[in-house]
S.K.: 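First, the structure itself, so that you have it in front of you.
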Amino acid sequence: MCDAGEVQLLQSEVLRHEAQRESLASELLQLTEQVLQLQQQQEEHLQLKQQHQDIAQKYNALLQMYGEKVEEVDELRLDLADVKEMYKAQINQLMQQ
C-alpha cells in the first residue's frame with residue numbers, strides 16, 4: 001500500500017495537473033476567440049478588397065469617359081474658333097464689296 005507521503009505527493013500532482021488543464025482550457029478558449037475574430041476580419045478584408053476593385057473599375061471607366069469628353073470639348077472649341085474665323089472672313093468680304 002501507499003504511505004501518507006506518497007498519497008500527499010500524488011494528490012499534489014493531481015492538483016497540479018488540474019490547474020494545468022484549467023490553464024490550457026482557458027488558453028484554448030482565448031485562441032478559439034482569436035481565430036473567430038481573425039476569420040471575421042479576413043471576411044471583412046475580402047469584402048473591402050472586392051469593393052475596392054469595383055470602385056477602381058468604376059473610377060477607370062469614369063476617367064476614360066472624362067478623357068473622351070475633354071477631347072470632345074477641345075474639338076468643339078476648335079470648331080467654334082474655325083466658325084468664328086469664317087464668320088469674320090465673310091464679314092470682311094461683305095464689307096469690301
Side-chain angles (χ1 to χ4, degrees):
M1 292 265 209
C2 297
D3 62 359
E6 241 181 290
V7 169
Q8 189 176 9
L9 180 65
L10 291 173
Q11 285 177 340
S12 69
E13 280 190 41
V14 166
L15 290 175
R16 187 174 55 85
H17 287 303
E18 285 177 357
Q20 193 176 26
R21 181 181 59 87
E22 288 177 19
S23 173
L24 289 173
S26 174
E27 186 178 349
L28 178 62
L29 181 62
Q30 288 175 347
L31 291 174
T32 302
E33 289 173 358
Q34 284 180 353
V35 166
L36 292 174
Q37 192 176 31
L38 288 172
Q39 286 174 337
Q40 182 180 6
Q41 288 175 353
Q42 182 183 22
E43 287 177 23
E44 290 172 4
H45 173 75
L46 292 174
Q47 289 174 353
L48 289 173
K49 187 177 178 181
Q50 183 61 47
Q51 287 176 354
H52 179 267
Q53 288 175 347
D54 293 344
I55 290 171
Q57 281 181 327
K58 289 177 184 177
Y59 173 78
N60 287 332
L62 287 172
L63 195 58
Q64 183 176 353
M65 288 189 299
Y66 174 74
E68 291 169 0
K69 292 299 176 186
V70 167
E71 281 183 32
E72 186 178 335
V73 167
D74 288 343
E75 289 173 8
L76 289 173
R77 282 187 179 143
L78 291 174
D79 290 347
L80 181 61
D82 289 343
V83 168
K84 283 181 180 180
E85 287 299 317
M86 288 189 303
Y87 181 70
K88 285 180 186 178
Q90 284 179 350
I91 288 178
N92 286 336
Q93 188 180 17
L94 288 173
M95 298 283 272
Q96 291 176 358
Q97 290 179 351

S.K.: Give a yes or no on this: more than 12 heavy atoms of other residues, nucleotides or ligands lie within 6.0 Å of atom NE2 of His52.
M.R.: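 No, not enclosed.
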S.K.: Looking at Glu44, I'd like to know if its CD atom is crowded, meaning that more than 12 non-hydrogen atoms belonging to other residues, nucleotides or ligands lie closer than 6.0 Å.
M.R.: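 For Glu44, atom CD is crowded (more than 12 foreign heavy atoms under 6.0 Å).
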S.K.: Hey, what do you get for CD (Glu27) to CD (Gln20), rounding to the nearest 0.5 Å?
M.R.: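 Answer for the CD-CD pair, Glu27 versus Gln20, is 10.5 Å.
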S.K.: Say you draw a straight line from CD of Glu13 to CD of Gln8; how long is it, rounded to the nearest 0.5 Å?
M.R.: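 One finds 12.0 Å between CD of Glu13 and CD of Gln8.
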S.K.: With rounding to the nearest 0.5 angstrom, report the CG to NE2 distance, Leu10 to His17.
M.R.: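 These two atoms lie 9.5 Å from each other.
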S.K.: What side-chain donor-acceptor pairs closer than 3.5 Å can you find for residues 65-87, not counting sequence neighbours?
M.R.:
none

S.K.: Testing Val35, Leu31, Leu29 one by one against Glu33 for a side chain to side chain contact (heavy atoms under 4.5 Å, CB included), which residue passes?
M.R.: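 Answer after filtering Val35, Leu31, Leu29: Leu29.
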S.K.: Donor-acceptor check, side chain of Thr32 to backbone of Leu28, threshold 3.5 angstrom: yes or no?
M.R.: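 Yes, the answer is positive, given that a donor and an acceptor are paired below the 3.5 Å cut-off.
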S.K.: With side-chain hydrogen bond (donor to acceptor under 3.5 Å, both in side chains) as the test, would you mind laying out the steps for Gln64 and Asn60 before giving the verdict?
M.R.: CA-CA 6 Å; Gln64 183 176 353; Asn60 287 332; over 6 Å; no
S.K.: CD1/Ile55 to CD/Gln50 distance, rounded to the nearest 0.5 angstrom?
M.R.: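 Rounded to the nearest 0.5 Å, the CD1-CD separation comes out at 10.5 Å.
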S.K.: To the nearest 0.5 Å, what is the distance between CD on Gln51 and CG on Asp54?
M.R.: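 Here the rounded value is 7.5 Å.
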S.K.: Rounded at 0.5 Å granularity, tell me how far CD in Gln90 sits from CE in Met95.
M.R.: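 CE of Met95 is found 14.0 Å from CD of Gln90.
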